[in-house]
**Student:** 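Below is one structure. I have some questions about it.
Remember, it's a predicted structure, so these values are computed and weren't measured experimentally.
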Amino acid sequence: MDHKMTGNLDVPTNIEKALEERGFHVRNNKLGKGAYGEVLKAKCRDDGKLYAIKILLLSNGESTKYHKRELELLTKLELSERNVIKYFKSWIMQDDDVQRLCIQMELCWVNLEKFIYENDMGGAEIIKSEGPPRFYQQVFPQILNGLSVIHSMYWVHRDIHLGNILIVNPNPQRIDDIHVKIADFGLARYIGMEFEKSARLTVVPTLEKLSPGVGNELFRAPELSTNKYDFKVDVYSSGIVLYLLDCYLPNKNQLRDEILALREGKRNAVHLYHKDDQRLINLIEQLLEKESTRRPTAAEASQYMQRETDHGSETPSEPTTKKFLAVKKRGDDTLYRCSSSDTLSGMQDAI
């Protein structure tokens, strides 16, 4: 479900009344609408704050499955402040024979796609800004930050695109004021882990295929059409997002054709606005590798963006693929996943 501001739309009276009984006054516009439900803006009577209330229809097995996954992950991420939308509580709304799941979340005002073209800093001209920071330098590290915390809990989002990245602050006036969070976990999937006797961590090889027509196909990683994939599907999608954060397209209607051209290999560094940033060019190429094992993890991509270019080096080095370790605390049965280099000091730092 895209969290798009769609103007004043009527809210069904029964839903508005049920929310009033829970202590929420519904505002006169919806934040978004999708295949399984909608997102409303509501004011809480107890604290006077505005929240987003996601209302999901529990009508069939498929939709209920997605809703349970979303709620499970949001609950796990409840204490996270790292660029993931904040969850507060949930409840079941009963209306005759119809059940709806209501999820109270922090209010984010607009998605990234809409913000690029409807901001107070010149619309799409924001991409041309020299900064510091430039637009992509402010936004993309936050996206990687959110993905890193999701992946660290062995979940994969599977639907990263401009519509599922939300702007937290209502009307930022400067690029360095922009704060984004990842949302909409209806397609999120837990990736179970198995450990061999050698304690080497491996991803369970057989996973659920993403159903045809579900999710945003423009941003979808190639391997999502199979049942063998891992966290790198989100990395691929984020690569398309990064490209769009520095590709100046005056008209929003150009987005679809541009993404298709990028996926077909018809776009390169020439089509970026800031052609002087070799680090940006390298990272996009790495994120969009067809072979998932050649892509960096979200954490590695984040470190790569933060690392300053070596003095005297015209071409920054590419993201380094690291090894994964399975470790546990003494007296604790829980295994933890961490990544490191091959060196002893690298392993010690990771642990």
**Student:** If only atom types and distance count, is the side chain of D159 paired as donor or acceptor with the main-chain N or O of D184 below 3.5 Å?
**Tutor:** no
**Student:** Mind checking whether L245 and F135 have side chains closer than 4.5 Å, heavy atoms only?
**Tutor:**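 L245 vs F135: side chains touch.
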**Student:** Does the side chain of V39 come within less than 4.5 Å of I53's, by heavy atoms?
**Tutor:** no
**Student:** With sequence neighbours left out, write down each residue that passes salt bridge (charged side-chain N to carboxylate O under 4.0 Å, His left out) with R174, or none if nothing qualifies.
**Tutor:** D176, D177
**Student:** Quick one: salt bridge (Lys or Arg N to Asp or Glu O under 4.0 Å) pairs with a partner in residues 233-243, sequence neighbours left out?
**Tutor:** none
**Student:** Taking it one step at a time, do L57 and V98 satisfy side-chain contact (heavy atoms from CB on, under 4.5 Å)?
**Tutor:** CA-CA 8 Å; L57 186 63; V98 178; 3.2 Å; yes
**Student:** Could you walk me through whether F115 and I178 satisfy the side-chain contact (heavy atoms from CB on, under 4.5 Å) test, starting with their C-alpha distance in whole Å, then the side-chain angles of each, then the deciding distance to 0.1 Å, before giving a yes or no?
**Tutor:** CA-CA 10 Å; F115 178 79; I178 299 172; 3.7 Å; yes
**Student:** Using a 4.5 Å cut-off on heavy atoms from C-beta on, say whether the side chain of L144 contacts that of Y304.
**Tutor:**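 Answer no - side chains too far apart.
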**Student:** If the condition is salt bridge (charged side-chain N to carboxylate O under 4.0 Å, His left out), which residues does E20 pass it with, not counting sequence neighbours?
**Tutor:**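 For E20 there are no salt bridge (charged side-chain N to carboxylate O under 4.0 Å, His left out) partners, ignoring immediate neighbours.
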**Student:** Report the distance from atom CD1 of I165 to atom NZ of K181, rounding to the nearest 0.5 Å.
**Tutor:**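 One finds 14.0 Å between CD1 of I165 and NZ of K181.
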**Student:** Just grab all the side-chain hydrogen bond (donor to acceptor under 3.5 Å, both in side chains) pairs involving residues 138-147, residues at least two apart or on different chains.
**Tutor:** R82-N145, N83-Q142, N83-N145
**Student:** Just verifying a value: how many Å separate I55 CD1 and M93 CE, rounded to the nearest 0.5 Å?
**Tutor:** 4.5 Å
**Student:** Do I143 and V180 make a side-chain contact, defined as non-hydrogen atoms from C-beta onward lying under 4.5 Å apart?
**Tutor:** yes
**Student:** For the CD1 atom of I116 and the CG atom of L162, what is their distance to the nearest 0.5 Å?
**Tutor:**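 Spacing of CD1 (I116) from CG (L162) equals 5.5 Å.
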**Student:** Quick one, I240 and L288 - any side-chain contact, counting heavy atoms below 4.5 Å?
**Tutor:**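 Answer yes - side chains close enough.
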**Student:** Given H161 and L218, is the side-chain contact (heavy atoms from CB on, under 4.5 Å) satisfied, shown in steps?
**Tutor:** CA-CA 8 Å; H161 59 85; L218 289 175; over 6 Å; no
**Student:** Please tell me if the side chains of V235 and T297 come closer than 4.5 Å, counting only heavy atoms from C-beta onward.
**Tutor:** no
**Student:** Main chain of H25, side chain of R45: is a donor-acceptor contact present, judged purely on distance under 3.5 Å?
**Tutor:**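 No, because the side chain of R45 does not come within donor-acceptor range (under 3.5 Å) of the backbone of H25.
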**Student:** Kindly work out whether a path of hydrophobic side-chain contacts (I/L/V/M/F/W/Y, heavy atoms less than 4.5 Å apart) joins I92 to Y87.
**Tutor:**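 Yes, I92 and Y87 fall within the same hydrophobic cluster.
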**Student:** If the threshold is 4.0 Å, N to carboxylate O, is there a salt bridge linking K232 and E223?
**Tutor:** no
**Student:** When hydrophobic residues are tied together by side-chain contacts of less than 4.5 Å, even through go-betweens, does F140 share a cluster with V168?
**Tutor:**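 No.
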**Student:** Distance from H271 atom NE2 to I284 atom CD1, nearest 0.5 Å?
**Tutor:**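 One finds 12.5 Å between NE2 of H271 and CD1 of I284.
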**Student:** Taking salt bridge (charged side-chain N to carboxylate O under 4.0 Å, His left out) as the definition, give me every residue that meets it alongside K128, ordered by chain and number, with sequence neighbours left out.
**Tutor:**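 Partners of K128 under the salt bridge (charged side-chain N to carboxylate O under 4.0 Å, His left out) test: E125.
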**Student:** Between S129 and I126 (side chain of the first, backbone of the second, donor and acceptor by atom type, cut-off under 3.5 Å), is there such a pair?
**Tutor:** no
**Student:** Does any part of the side chain of I160, heavy atoms only, come nearer than 4.5 Å to the side chain of F219, both counted from C-beta?
**Tutor:**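 No, side chains not in contact.
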**Student:** Do H274 and D246 meet the criterion of a side-chain donor-acceptor pair at a distance under 3.5 Å?
**Tutor:** yes
**Student:** Per the side chain to side chain contact (heavy atoms under 4.5 Å, CB included) rule, which among L166, L50, I85 passes with E106?
**Tutor:** I85
**Student:** Which pairs with one or both residues in residues 130-143 pass salt bridge (Lys or Arg N to Asp or Glu O under 4.0 Å), sequence neighbours excluded?
**Tutor:**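 For residues 130-143, and leaving out neighbouring residues, the salt bridge (Lys or Arg N to Asp or Glu O under 4.0 Å) pairs sorted by first residue read E130-R134, R134-D276.
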**Student:** Hey, is the main chain of N171 close enough, under 3.5 Å, to the side chain of Q173 for a donor-acceptor pair?
**Tutor:**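 The answer is yes, because a donor-acceptor pair under 3.5 Å joins these two groups.
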**Student:** Looking only at heavy atoms, which two atoms of A183 and H157 are closest? And how far apart?
**Tutor:**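 Smallest heavy-atom distance, with atoms named: O-NE2, 2.9 Å.
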**Student:** Roughly how far, to the nearest 0.5 Å, is the CD atom of Q94 from the CZ atom of R100?
**Tutor:**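 Interatomic distance, R100 CZ to Q94 CD, rounded to 0.5 Å: 10.0 Å.
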**Student:** Can you label the angle between the H151 ring and the F231 ring as parallel, tilted or perpendicular, going by 30° and 60°?
**Tutor:**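 Plane angle between 30° and 60°, so tilted.
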**Student:** Working to the nearest 0.5 Å, report the span between SG of C44 and NZ of K49.
**Tutor:** 9.5 Å
**Student:** Are the side chains of I15 and L40 in contact, using a 4.5 Å heavy-atom criterion?
**Tutor:**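 They are in contact (side-chain heavy atoms under 4.5 Å apart), so the answer is yes.
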**Student:** Indicate whether any N or O donor in one side chain lies under 3.5 Å from an N or O acceptor in the other, for N282 and Q278.
**Tutor:** yes
**Student:** With distance as the sole test, does R295 use its side chain to make a donor-acceptor pair with the main-chain N or O of E289 at under 3.5 Å?
**Tutor:** yes
